[in-house]
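Here is the structure we will look at, set down as structure tokens.
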There are 2 protein chains.
Amino acid sequence: MAPATLHRQVETRLNAKDIRYTTGRRAVVTTLAESDGPRSAAELSAKIGANVPLSSLYRTLTVLEAADVITPHFATKGLARYELAEWLTGHHHHLVCIECGTVEDIEVPPLYEQQVAALVETIAATSSFTASNHDLEIEGTCEQCS
Amino acid sequence: MAPATLHRQVETRLNAKDIRYTTGRRAVVTTLAESDGPRSAAELSAKIGANVPLSSLYRTLTVLEAADVITPHFATKGLARYELAEWLTGHHHHLVCIECGTVEDIEVPPLYEQQVAALVETIAATSSFTASNHDLEIEGTCEQCS
DNA sequence: TTCCTTGCAAACGATTTGCATTGGA
DNA sequence: TCCAATGCAAATCGTTTGCAAGGAA
């Protein structure tokens with residue numbers, strides 16, 4: 001999605017909830033849009049530069065998550081990583097490096113996605129669990145670490 | 001797996017690495033074997049009772065993880081949950097409740113498992129990422145929370 | 001002016017570590 | 001006996017919160 005379009009969509013979403021789309025929030029959205037996978041508060045801070053205090057960053061993340069603009073991800077120990085919500089990026093899955101912990105987004109071909117969706121349907125039909133979403137985590141070693 | 005068999009397998013594995021299979025370690029393995037999903041240190045502590053200090057529990061978890069007897073899981077914010085490694089339990093996936101955070105194991109029918117395996121193969125073939133395992137997280141609402 | 005937002009510092013909760021003690025082979 | 005394992009207390013790390021200052025409508 002073009003950055004201008006992205007920001008317009010986010011702004012509309014935030015305005016609908018009477019939340020301002022401030023510079024700091026815009027910076028987080030921009031940075032996540034440029035990333036190819038979820039990023040932690042520390043990673044965002046480093047990339048944004050302009051030494052924003054971490055407490056402000058965390059507050060920004062809380063606000064954006066509550067507005068469903070970003071989604072948290074917890075594939076690695078001890079810290080949360082965030083990415084733009086799927087209504088902004090499209091549905092995707094994750095490659096998780098078991099060495100360095102970085103996470104990369106992947107899209108899977110439609111045929112496979114249908115199979116996974118069918119699997120989730122099947123599970124839902126045979127249990128009392130109400131499924132709303134799914135995420136396939138492929139664990140392994142990234143190029144850097146191998 | 002029968003408890004006796006389980007403990008024998010774990011003991012063999014630990015002995016091979018010159019690690020003792022102590023009462024505390026045995027208690028963690030027993031408790032995880034009785035659980036239907038990954039459990040946190042606090043949950044294990046509560047279930048084991050016998051007020052074991054958390055620091056000892058964490059050390060036990062570290063040792064068992066290093067010996068590949070247990071595997072950490074991070075689907076929810078702020079804390080790690082552990083489960084017996086798949087060579088002891090068999091391959092499975094997870095239902096994650098987005099309300100209360102609890103995680104439950106599920107086995108998926110072989111046909112679907114083959115499809116997922118094929119998907120992972122395909123991804124591996126088209127990227128420089130070396131896949132070693134995968135985990136499908138189905139997010140939704142558990143019976144309690146719905 | 002009136003709230004929302006931000007910055008700073010202190011507080012928190014999960015986890016880790018140093019060190020002295022205990023216990024099993 | 002001797003080193004691994006444990007308990008306790010203090011330290012660490014990511015994250016959250018109270019409160020006062022800054023900023024946009």
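Values below: all heavy atoms of this structure, side chains included; hydrogens, waters and symmetry mates excluded. Reminder, nothing fancy here: chain letters follow the sequence lines and each chain counts from 1. It should be emphasised that the depicted structure is a prediction, and the values quoted were computed from it without experimental measurement.
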Taking for B/Ser40 and for A/Tyr21 the nucleotide of DNA chain C with the nearest heavy atom, the one nearer the 5' end belongs to A/Tyr21

Side chain to side chain contact (heavy atoms under 4.5 Å, CB included), that's the test. Do B/Ile19 and B/Arg25 meet it? Break it down for me. CA-CA 10 Å; B/Ile19 299 169; B/Arg25 293 169 186 174; 3.2 Å; yes

Rounded to whole Å, how long is the line connecting atom [atom1] of [X] with atom [atom2] of [N]?
| X | N | atom1 | atom2 | answer |
| --- | --- | --- | --- | --- |
| B/Leu61 | D/dT6 | CG | P | 12 Å |
| A/Leu57 | C/dT5 | CG | P | 16 Å |
| B/Leu54 | C/dT16 | CG | C1' | 12 Å |
| B/Leu14 | D/dA4 | CG | P | 15 Å |
| B/Phe74 | D/dC13 | CZ | C1' | 15 Å |
| A/Lys77 | C/dT15 | NZ | P | 8 Å |
| B/Leu44 | C/dA14 | CG | C1' | 14 Å |
| B/Arg39 | C/dT15 | CZ | C1' | 20 Å |

To the side chain of [X], which of [options] is closest?
| X | options | result |
| --- | --- | --- |
| B/Pro53 | C/dT6, D/dG7, D/dT16 | D/dG7 |
| A/Tyr58 | C/dT16, D/dG14, C/dG7 | D/dG14 |
| B/Ile19 | D/dT16, D/dA5, D/dT6 | D/dA5 |

Exercise. Are B/Ile98 and A/Leu136 grouped together when hydrophobic residues (ILVMFWY) are joined by side-chain heavy atoms under 4.5 angstrom apart?
Worked result: no

**Prompt:** If we ignore angles and hydrogens, is there a donor and acceptor under 3.5 Å between the side chains of B/Glu137 and B/His73?
**Reply:** yes

*asked:* For the residue pair B/His92 / B/Glu107, report whether a side-chain donor-acceptor contact shorter than 3.5 Å exists.
replied: no

Taking only N and O in the side chain of A/Lys17, is any of them less than 4.0 Å away from OP1 or OP2 of C/dC4?
-> no

**Asked** Would you say A/Thr22 reaches C/dT6's phosphate, i.e. side-chain N/O to OP1/OP2 under 4.0 Å?
**Response** yes

- Confirm from the modelled atom types if A/Arg59 and D/dG18 form a donor-acceptor pair under 3.5 Å, side chain to base only. yes

Would you call the rings of A/His134 and A/His93 parallel, tilted or perpendicular, where under 30° means parallel and over 60° means perpendicular? parallel

Result for 5'-nearest mapping on DNA chain D, choosing between B/Arg20 and A/Ser56, is B/Arg20

Base, sugar-phosphate or nothing for A/Ala80? Non-hydrogen atoms, less than 4.0 Å. sugar-phosphate

- With a non-hydrogen cut-off below 4.0 angstrom, is B/Ser55 in contact with a base, only sugar-phosphate, or nothing? base

